[in-house]
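See below for the structure under consideration.
Positions are given from 1 along the sequence. Note that the coordinates shown come from a computational prediction; the quantities given were computed from them, not determined experimentally. We count ligands from 1, going down the list as the structure has it; atoms in each ligand are counted the same way.
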Amino acid sequence: MKKVTAAILMVDGKVLIARRKKGDALAHKWEFPGGKIEPGETPEQCLTREMMEEFGVAVAVKDFFCSTVYRYQHIEIELLAYHTVYLSGEFQLNAHADMKWIPLAALNDYDFSAADIPIAHKLRERLIEKPL
Ligand SMILES: Nc1nc2c([nH]c(=O)n2[C@H]2C[C@H](O)[C@@H](COP(=O)(O)OP(=O)(O)OP(=O)(O)O)O2)c(=O)[nH]1
Ligand SMILES: [Mg+2]
């Protein structure tokens, strides 16, 4: 099983989501950005590397949020989601077709990769517990 990291990055009450490119595995699906953990890497190191590679931004990785396991046709993954904090850099789209900052209430409106759906639900629940 491949371990994959995903960033929950919030700025001004909105969360970052990114759309996978045409031709990629899970093309056109929305996701919390990140990627596969490489040998010898911690999840935190992986996530800071991926955010720099994919968007050209520096983030600090904070608390673990939750994980999901999902078996696709092409790969079985454990997706590890972490809260992250934006530090610096201008966002550029190096690896995705699109990116968006969305309110938590809008998480239901996007077609996420299957492994992300429980994570998106859990994030949205926070809204019910703590309305903005
Ligand atoms: N980054 C990321 N990948 C996800 C999410 N949900 C999900 O099912 N995946 C799947 C898609 C891929 O099959 C797998 C690995 O993600 P990835 O394609 O971003 O990996 P990577 O950045 O290391 O890219 P590559 O070197 O494999 O091209 O995890 C998610 O929220 N974020
Ligand atoms: Mg990636």
_Polar protein atoms (N, O or S) that approach the Mg ion (ligand 2) to under 2.8 Å_ = Gly34 O, Glu54 OE2
*Starting at CE of Met10, measure out to CD1 of Ile102 and round the result to the nearest 0.5 Å.*
9.0 Å
*At what distance, to the nearest 0.5 angstrom, does CD of Gln45 lie from CD of Glu38?*
10.5 Å
_Protein residues that have a heavy atom under 4.0 Å from any atom of ligand 1, sorted by chain and number_ = Val4, Thr5, Arg20, Leu26, Glu31, Phe32, Gly34, Gly35, Lys36, Glu50, Glu54, Tyr72, His74, Ile75, Ile77, Leu79, Ser113, Ala115, Asp116
*Could you check if a side-chain atom of Val4 sits within less than 4.5 angstrom of a side-chain atom of Glu31, using non-hydrogen atoms only?*
no
_Those residues that, when tested against Asn94, pass side-chain hydrogen bond (donor to acceptor under 3.5 Å, both in side chains) (two or more places apart)_ = Gln92
*Quick one: pull up CG in Leu107 and CD1 in Ile117 and give me the separation to the nearest 0.5 Å.*
11.5 Å
*Summary of side chain to side chain donor-acceptor pair (under 3.5 Å) pairs that have at least one residue in residues 65-89, sequence neighbours excluded*: Lys3-Glu78
*Rounded to the nearest 0.5 Å, what separation is found between the OG1 atom of Thr5 and the CG atom of Leu47?*
4.0 Å
*Between Ser113 and Lys29, which heavy-atom pair has the shortest distance, and what is it?*
OG-CB, 3.4 Å
*His121 NE2 to Phe112 CZ distance, which is reported to the nearest 0.5 Å*: 9.5 Å
